[in-house]
Amino acid sequence: MTLLEQYRLLLALAIGVVGSVFCLYSLARAIGLTRQEPGKDVPASSGALSRDPVWGRYHARYYGYGLLFLAFDMEMAFMYPWAVVYKEVGLVALLDMGVFLAILFLGLLYGWSQGAFRRQ
Amino acid sequence: MSFDSAINITGARQKRPSVLQKLVSRALARNLGCLIVPGPEIALAHGLDVTAAGMRTSTTPRDASVLMIVGELSEKMGDAVAVLYAQMPRPRAILIVGGQTPSTLPGADISAGLSQKGLTEAVVRLQRAFADGAFVASPEAFDADVLHAKIEYVCPMHPEIVEDEPGSCPKCGMDLVAREAGESTPDHDHEHQHHGHKHDHEHEHEHCHDQDHKGHHEHHHGHDHEHSNEHQQEHAHENAAAEYTCPMHPEIVRDEPGSCPKCGMDLVAREDAEDEGASEEGSGHGHNHQHSESDHHSEHEHSGHDHGEHDHGGHKHGGHDHGASGFMSMIEVTKDLPRSADGLQMDWLEVPFGPVFPGLPGGLKLTLTLDGDGVTEGQATSLAGMTIEVEEGEESEEIDVETFIDHLATAMPLAPVSYRLLACLAIEQAAGLNDDQATTQARNGGLERERIASHLGWLAQLGRQLGFAWLTQRASTLQLQVREANRYRLAELEPALRTLGTRLGRTPLLKSRLKDIGELSSEFSDLRGPLARAASEGGDAWARLWQRLAEITASLDLIKASSEPALPSLRDIGDLSGTGEVTVDTPRGEARLSLKLERGKVKSYKLDTPCSHHIDLVPKLVEGQELGDALLAVGSLDLSPWEVIS
Amino acid sequence: MTVASVLLALLGSTWLLAVIEGWMTTGRLSPAAPLFSGLAHLGRESILPRSPDRVFFEAAPVLLLVVGVLGMAVLPLAPDLIIADLGTGALFINAALAYVLVAVIMAGWGPDGAYAMIGGWRFLGQLIAYSMLIVMPITAVAMRAESLLNTAIVGSQAGLWNIVYQPLGFVLFFIAAMALAFRAPFDLPTAEGELGGGVDAEYTGVRLAVLRLARLTLVVTLASATTVFYLGGWHGPLLPPWAWSLVKTLAVAVSMLLVGHYLPRIREADLMRWCWILGIPLALVNIIVVGLLILVVP
Amino acid sequence: MTAVLIVALVTGAILFGIGVYGALSQTNLVMIMMGVELMLAGAMVNLVAFWRFLHPEAYSGQMFVLVVMTVMALEMAVGFGVAIARFRVKGSVEMEEAEDLKG
Amino acid sequence: MYAQAFFVAVFGLAAIGFGVVVFRTSSMVRSALALLFSQTAVGCMFLAMQTEFLGVLQIMMMATEMSIMAIFMVMFMMDPGGLGGMDMSHQKRFSIGAGVSAAVVAIAVALLSDWGPAAKQVVDAEAQTRALGMELLGRSMMIFETAGITILTAMIAATAVAIPVQNLASKRAKEASE
């Protein structure tokens with residue numbers, strides 16, 4: 001298979017899955033429709049009928065991790081091509097990546113020392 | 001067993017011609033998920049094993065098809081049950097085990113006695129009902145008062161004015177604005193409830209409209225050199241400036257009319273008292289480069305209505321700065337909000353946990369104010385607790401002693417033996433009877449057995465809270481076995497009970513999960529029972545777990561040393577009079593009962609239970625905790641909402 | 001043909017997993033239970049919450065299912081039993097599984113309910129914790145195989161499985177995979193005791209059925225990935241290759257369920273701290289150890 | 001053959017244009033960053049198209065895309081850092097309210 | 001080859017469509033996820049252009065990064081749910097003008113330039129990744145290491161700016177003020 005044929009197959013697979021889910025939905029519709037009743041459509045909150053919208057400014061306590069993750073995550077963009085040729089290149093590759101990771105690790109250590117690794 | 005010829009379920013679905021329906025009905029019958037109200041721990045305390053009866057337990061109404069009500073429900077729980085039932089997808093049915101149907105629900109589909117046998121039979125009938133009647137031609141509609149938003153009308157300036165009808169405020173003459181009645185006014189007249197939904201739509205409509213107005217306003221404020229006449233106009237407008245605030249969210253303050261970003265309600269005018277500094281901040285040169293792109297809009301389009309409100313609102317003339325920049329100022333939204341520990345001001349949410357929440361004892365309503373997934377404050381109330389009139393006046397009715405004992409025991413479904421014993425002891429003391437060695441031993445045996453069962457119930461609840469399925473299964477099985485075991489059987493179960501402790505000690509993650517959660521040092525005076533005893537050893541949830549496990553072992557030893565456990569029954573007391581005050585160490589701590597006996601009848605009594613005190617610890621325990629930790633801290637108190645006396 | 005067999009294997013494994021899950025919760029082993037449960041879900045109403053973000057609400061279960069299937073599509077069951085043997089297969093499965101997060105956030109935000117929303121945002125924190133532990137162990141695997149082709153990765157384990165060659169990587173990957181599938185003890189976004197169902201809470205009827213199916217599919221996919229990366233894929237004596245793949249996949253999937261059964265839920269703060277303070281350094285150590293091994297042992 | 005290149009370049013140009021519009025028109029720091037992300041995405045499309053259709057043998061083209069991706073991530077990390085700091089001090093990340101940042 | 005052009009165009013349209021949604025919806029999470037899917041479509045375009053490693057990388061990185069963007073949007077926007085439907089933009093005309101002219105200029109360059117003959121074939125994904133790896137360790141090694149330094153700088157900058165200092169001195173000052 002060429003590359004494009006593979007992607008087409010994957011795309012077709014995804015579309016097929018979506019299609020079969022829709023078939024399932026229409027089957028369920030054929031069995032019956034949802035009856036509109038008071039209270040039924042309010043998000044369940046354990047016996048209390050809380051109607052207030054909750055879409056507010058949410059305090060994500062992990063933003064310290066989040067910031068470091070955004071940066072640190074990029075490391076793997078370089079790591080995969082590196083890993084593939086690692087055996088071929090040998091020691092130089094190890095040293096290269098060692099330096100790269102050591103630099104990034106410094107960043108992690110700095111973040112840790114500044115208290116980024118905690119619930120804010 | 002005989003079946004009624006045709007059982008229909010009240011929550012059936014509308015029938016549509018479909019070949020699949022027969023098959024689907026069968027599948028539904030075989031896959032009954034039941035939501036237990038008030039909670040699975042009550043079912044276990046009554047010795048009901050739902051899984052063995054052939055249903056699966058669901059933790060949310062969304063995944064349940066049977067609403068199973070165990071025992072009597074209080075009035076407040078009736079409302080909660082109606083909400084839960086409404087939120088279950090059809091087909092759904094109601095199963096009542098040992099109680100009455102709450103008035104908020106349609107009649108029970110199946111009722112059963114409070115026994116495993118009754119439950120099993122009921123489930124068989126339910127399955128049949130689902131197989132036959134999951135789809136009917138015209139299903140009953142379900143509706144209850146509690147499901148409707150009540151609209152009330154308040155004066156934005158005088159919050160104490162609350163009317164049922166639209167109109168104007170008797171104090172200031174402003175138009176009253178509509179709002180959904182909150183939980184703060186539960187006894188509010190239901191007159192307008194049926195307009196609830198319609199009203200919402202109207203609102204939405206208005207609100208779109210208002211957006212337009214806001215848009216035009218925006219253009220007004222652009223400092224655009226091409227439109228110098230607009231500039232003048234702006235000044236004219238500013239002189240008439242007032243603050244606009246949302247009647248429901250006082251933290252929303254705007255310089256222009258519009259709608260509340262949180263609820264979409266119209267903002268109402270109010271006198272701006274102290275926003276000088278803040279709007280100074282928000283103003284300035286920011287809008288200098290705000291080019292007006294609105295030539296095609298009529299610049300004079302703002303509604304007379306808005307101006308009308310200004311006049312009513314009583315604005316402050318002059319001295320107002322250029323505060324109204326073109327867009328809504330975020331600074332103004334956030335400036336009055338409380339800050340979290342890290343200095344960010346986010347929206348706080350008030351979220352109900354309970355009364356039927358899988359991680360908390362049923363009947364306990366915990367309302368947490370959440371900042372992200374952290375708790376800033378919390379409040380616990382019991383919706384199931386008994387209410388005792390404490391007045392000791394002459395007019396209070398005399399209660400027959402046996403009735404009194406039964407009443408007390410059934411009112412506390414999580415510890416019936418303890419309270420039965422408490423009542424017996426108090427009455428006997430009032431009657432002046434002396435202790436009798438054999439009876440005391442048997443009674444103590446019963447009490448200790450209940451302690452074991454109760455602690456096992458708590459362990460199962462802990463497992464539910466922690467998603468620790470093994471613990472829940474193991475502890476529930478053991479609880480069901482211990483509940484009515486005799487000495488011989490208890491001796492058989494002893495190795496299993498001890499193993500449970502060792503297994504828990506070896507479970508990874510458990511210690512890190514429980515350590516330092518819900519710390520209560522011994523300086524709290526209100527602590528009783530396991531809480532007080534654990535306070536000396538760290539006083540966190542981890543210490544409480546081990547305290548309860550140690551008590552299970554200790555109780556086993558006590559039972560071994562005493563005689564056969566028995567249900568306490570009252571000895572013959574005759575027609576004596578007197579007063580008695582006794583304390584019994586129930587599984588949750590010392591309960592105290594003092595009563596006055598007159599001619600063999602209970603004249604008046606006073607009950608003091610551990611949970612009434614423990615529930616007051618909740619706000620302190622949850623404050624500043626992560627959500628899961630806060631719930632765990634509340635759970636580790638082992639509150640029984642029934643034993644909270646108000 | 002290949003597509004059909006792989007999908008059949010996926011469906012079969014999911015079904016077996018559902019049976020075992022039912023066995024663990026009810027104590028009854030009934031092979032027909034998943035079928036009846038699915039039919040029952042079809043028969044129940046599927047409720048739409050009032051004024052939700054409907055696009056998100058509808059898309060989330062479907063996206064989760066698509067992601068699970070696409071992940072499975074790049075994993076080989078036998079040398080030639082693979083739907084698409086992508087040149088970057090090991091990376092592709094990562095990319096597909098990243099959308100689990102997107103689906104969970106959608107499911108959390110969609111219904112405008114407090115429990116669901118908190119669950120959705122919690123899972124983002126969980127991703128920040130586990131994500132590096134998925135990526136970095138796979139790098140070490142790719143180092144040994146000198147390729148990102150999943151078939152080449154299995155091929156590189158002909159002599160010695162990676163679980164022996166790099167046990168540290170296996171442990172980290174297994175834990176991270178469980179966190180990705182948000183099964184207990186990492187079920188923070190759907191915690192019943194803490195969030196009353198969380199992101200699952202608003203789904204009913206047929207949507208719930210799709211969601212449950214998707215979640216089980218996800219477990220199978222991750223188990224299959226573990227098999228491919230660490231357990232030597234189709235390698236094994238006697239049985240045909242595809243059978244070995246299936247047996248190993250099922251064993252890993254069941255062990256994921258079992259581990260969850262015997263552990264309490266982890267705290268989110270602990271999960272994040274341990275993953276970053278312990279997990280990432282360990283993953284780096286794993287890479288360096290594997291690197292040295294590759295250089296030293298020919 | 002060049003048809004694909006043209007299609008890709010046009011797409012990249014339009015994405016870039018949308019990004020420019022977003023970055024200029026939004027008042028919120030985070031939204032401005034979204035505009036920048038879109039601009040970078042447009043640039044990446046162009047880079048990949050150039051690599052694929054003009055110089056498939058020069059892998060520095062791919063390397064360039066990697067660097068752009070890194071820049072995207074880092075821009076977000078620093079941008080969010082600034083946003084948090086700003087929000088903490090002033091309670092807002094609206095750029096119109098950010099006089100002190102303009103200097 | 002028409003198929004290739006077709007798929008590039010389809011995903012290009014998807015990227016543009018989602019890109020437009022980013023600035024047209026008032027719900028912030030929608031906006032962030034629209035950007036996510038726009039970037040995903042860009043990744044799919046890469047795939048359609050047979051640049052597999054970069055495409056898959058783009059699809060993966062953007063899923064996590066844009067989701068993190070979503071939470072920051074929710075944290076800092078006044079009305080993340082978009083319930084009020086407010087307009088958070090300014091200088092619309094100028095921006096539209098700038099955006100359109102930028103796009104037009106770029107399109108004009110794309111259409112008017114002579115790009116010369118296009119390469120017919122590329123090597124398969126496996127070889128591409130390998131070649132990229134060799135590039136990384138060969139000619140572009142300094143770029144790679146510089147990227148490391150840049151990432152470090154960004155990490156330090158982001159942490160230093162965003163994380164509140166909680167050393168002893170500030171804690172004491174806080175206590176004193178209370």
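Note that the structure is predicted; figures quoted are calculated from it, not measured.
Looking at B:Gln461, neither its backbone nor its side chain comes within 4.5 Å of chain C, counting heavy atoms on both sides. Both the backbone and the side chain of C:Leu195 come within contact range of chain B, judged by heavy atoms closer than 4.5 Å. In this structure, chain C has heavy atoms under 4.5 Å from both the backbone and the side chain of B:Arg513. Looking at C:Arg212, only its side chain comes within 4.5 Å of chain B, counting heavy atoms on both sides. Only the backbone of C:Met24 has a heavy atom closer than 4.5 Å to any heavy atom of chain B. Contacts between C:Tyr115 and chain B at a heavy-atom distance below 4.5 Å involve the side chain alone, from C-beta outward. With a threshold of 4.5 angstrom between heavy atoms, C:Leu208 approaches chain B through side-chain atoms but not through N, CA, C or O. Contacts between B:Leu349 and chain C at a heavy-atom distance below 4.5 Å involve the side chain alone, from C-beta outward. Proximity to chain C (any heavy atom under 4.5 Å) is restricted, for B:Ile517, to the side chain, taken from C-beta onward. Both the backbone and the side chain of C:Leu263 come within less than 4.5 Å of a heavy atom of chain B. If you measure heavy-atom distances from B:Arg464 to chain C, the contacts under 4.5 Å come from the backbone alone.
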Quiz item: Hey, mind stepping through C:Arg265 and C:Glu194 against salt bridge (charged side-chain N to carboxylate O under 4.0 Å, His left out) and telling me if it holds?
Solution: CA-CA 10 Å; C:Arg265 186 179 305 118; C:Glu194 289 173 19; 3.3 Å; yes
Self-check item: Residues B:Arg92, C:Glu45; criterion salt bridge (charged side-chain N to carboxylate O under 4.0 Å, His left out); working and verdict
Solution: CA-CA 10 Å; B:Arg92 57 194 181 195; C:Glu45 285 177 330; 5.5 Å; no
Exercise. Kindly indicate, with the supporting measurements, whether the criterion salt bridge (charged side-chain N to carboxylate O under 4.0 Å, His left out) is fulfilled by B:Asp132 and B:Arg26.
Key: CA-CA 8 Å; B:Asp132 289 346; B:Arg26 288 233 182 95; over 6 Å; no
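Using a 30° and 60° split on the angle between ring planes, C:Tyr130 and C:Phe123 fall in the tilted class, from 30° to 60°. Relative ring orientation between B:Trp470 and B:Phe468 is described as tilted, the plane-to-plane angle lying within the 30° to 60° band. The aromatic rings of C:Tyr230 and C:Phe173 sit tilted relative to each other, their planes meeting at an angle between 30° and 60°.
Put simply, the residue from B:Leu35, B:Leu32, B:Leu28, B:Asn31 that forms a side-chain contact (heavy atoms from CB on, under 4.5 Å) with B:Ser65 is B:Leu32. Among the candidates B:Leu466, B:Leu462, B:Leu504, the single residue satisfying the side-chain contact (heavy atoms from CB on, under 4.5 Å) test with C:Pro264 is B:Leu466.
Chosen from B:Leu510, B:Asp63, B:Thr60, B:Thr507, the residue pairing most often with chain C at heavy-atom distances under 4.5 Å is B:Asp63. The residue among B:Leu632, B:Leu509, B:Val351 with the most heavy atom pairs within less than 4.5 Å of chain C is B:Leu509.
C:Tyr203 has its ring centre less than 6.0 Å from the ring centre of C:Phe57. Annotation: B:Phe357 is in aromatic contact with B:Phe353 [ring centroid separation under 6.0 Å].
Contacts of residues 267-278 of chain C with chain B at a heavy-atom distance below 4.5 Å involve C:Arg267, C:Glu268, C:Asp270, C:Trp274, listed in sequence order.
Relative to the ring axis of C:Phe36, B:Arg30 places its NZ or CZ within 45° and under 6.0 Å from the centre.
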